[in-house]
Amino acid sequence: GIAGIKQLVDDESETVPRAAAAGVDLRRVLAVGRDANFRRYMLGVGLIIVGFTPLLSFLPLFMRQTVGLSESNVVRLTIGALAGGLVAGYLWGWASDRYGSKPVMMSGLIIRLLLPILWFVMPHHSEWSLPIALGIAVLQGIGDVGWAIGSARLLFVRVVPTGQGTEYMALYYALAGLITSTDQELGGGPMA
């Protein structure tokens with residue numbers, strides 16, 4: 001009855017982690033580092049993380065002090081970016097299925113590369129500052145989601161070979177965490 005099912009579930013929950021842990025071989029994970037395609041992918045992801053994280057970290061200060069937006073309007077920019085990502089998510093997903101991951105990833109990246117230029121040329125301390133900043137924030141959300149969908153699809157479809165997902169993803173998450181934490185430390189460290 002119920003006790004037998006509960007025992008079966010308990011037995012299964014104990015054996016699955018042991019089996020999963022026994023299946024990960026550190027040598028096979030480290031061998032992933034010899035894959036040139038994986039190394040190129042991680043270099044690209046690393047450059048994007050290192051290039052954009054510090055920029056986006058100081059964006060609220062820039063909008064408040066240089067552009068002249070109030071604190072509540074700076075918060076509205078985050079809502080604009082989220083709305084842009086929400087609106088574009090399905091379109092990017094469809095485009096990645098139709099045209100592939102690289103065109104979507106590169107389109108998102110181009111949009112992201114345009115953002116600093118748009119922030120630089122937008123009017124400061126003007127009645128047009130908020131509407132233009134909101135438009136740029138929506139564009140930021142569109143570009144961020146395009147980059148995320150394209151790069152994730154590229155990782156899962158082209159970079160990680162079938163049957164080796166455990167090793168590749170273990171190294172991917174370890175390196176992505178290392179890059180992100182190092183980037184945050186460098187971006188937030190004291191200026192010498």
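Because the structure is a prediction, the values reported are computed rather than measured.
The same ILVMFWY cluster, assembled from side-chain heavy atoms under 4.5 Å apart, contains both Leu55 and Phe62. Under a hydrophobic-cluster definition in which Ile, Leu, Val, Met, Phe, Trp and Tyr are linked whenever side-chain heavy atoms come within less than 4.5 Å, directly or via other members, Val75 and Leu139 are assigned to different clusters.
Side-chain contact between Leu155 and Met169 is present, with heavy atoms from C-beta onward closer than 4.5 Å. Between Met42 and Leu171 there is no side-chain heavy-atom pair separated by less than 4.5 Å.
Checked by atom type and distance alone, the side chain of His125 never pairs as donor or acceptor with a backbone atom of Leu69 at under 3.5 Å. In this structure, Thr180 contributes its side chain and Gly177 its backbone to no donor-acceptor pair below 3.5 Å.
Residues in residues 80-96 take part in no salt bridge (charged side-chain N to carboxylate O under 4.0 Å, His left out) pair, two or more places apart or across chains. Listed by first and then second residue, the salt bridge (charged side-chain N to carboxylate O under 4.0 Å, His left out) pairs involving residues 119-137 amount to none (not counting sequence neighbours). Applying the ring pair (Phe, Tyr, Trp, His ring centres under 6.0 Å) rule to pairs touching residues 140-166 yields nothing, sequence neighbours excluded.
Counting Ile, Leu, Val, Met, Phe, Trp and Tyr side chains that sit under 4.5 Å apart, directly or through other members, Leu178 stands alone, with no cluster partners.
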Any chance you could lay out the side chain to side chain contact (heavy atoms under 4.5 Å, CB included) test for Gln140 and Leu59, step after step, and finish with the verdict?
-> CA-CA 12 Å; Gln140 175 188 355; Leu59 184 61; 4.1 Å; yes
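Taking the side chain to side chain donor-acceptor pair (under 3.5 Å) definition, one finds that Ser70 meets it with Ser72, Asn73, sequence neighbours left out. By the side chain to side chain contact (heavy atoms under 4.5 Å, CB included) test, Arg64 pairs with Glu71, Val74, sequence neighbours left out. For Arg39, the side chain to side chain contact (heavy atoms under 4.5 Å, CB included) partners at least two apart in sequence or on another chain are Ala36. Contacts of Leu43 classified as side chain to side chain contact (heavy atoms under 4.5 Å, CB included), with partners at least two apart in sequence or in another chain: Leu47. For Phe38, the ring pair (Phe, Tyr, Trp, His ring centres under 6.0 Å) criterion is met by Tyr168, not counting sequence neighbours.
Taking CG from Asp35 and CD from Glu167, the interatomic distance works out to 12.0 Å, rounded to the nearest 0.5 Å.
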Output a table of donor-acceptor pairs, distance under 3.5 Å, between side-chain atoms of residues 110-124 and any protein atom two or more places apart or on a different chain; print 'none' if there are none.
| from | atom 1 | to | atom 2 | distance (Å) |
| --- | --- | --- | --- | --- |
| Arg112 | NE | Asp144 | OD1 | 2.9 |
| His124 | NE2 | Met122 | O | 3.3 |

Donor-acceptor contacts, no H, no angles, side chain residues 77-100, under 3.5 Å, sequence neighbours left out:
| from | atom 1 | to | atom 2 | distance (Å) |
| --- | --- | --- | --- | --- |
| Trp92 | NE1 | Ile142 | O | 2.8 |
| Ser96 | OG | Trp92 | O | 3.4 |
| Ser96 | OG | Gly93 | O | 2.8 |

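Of all heavy-atom pairs between Asn37 and Val159, the closest is ND2-CA, 3.8 Å.
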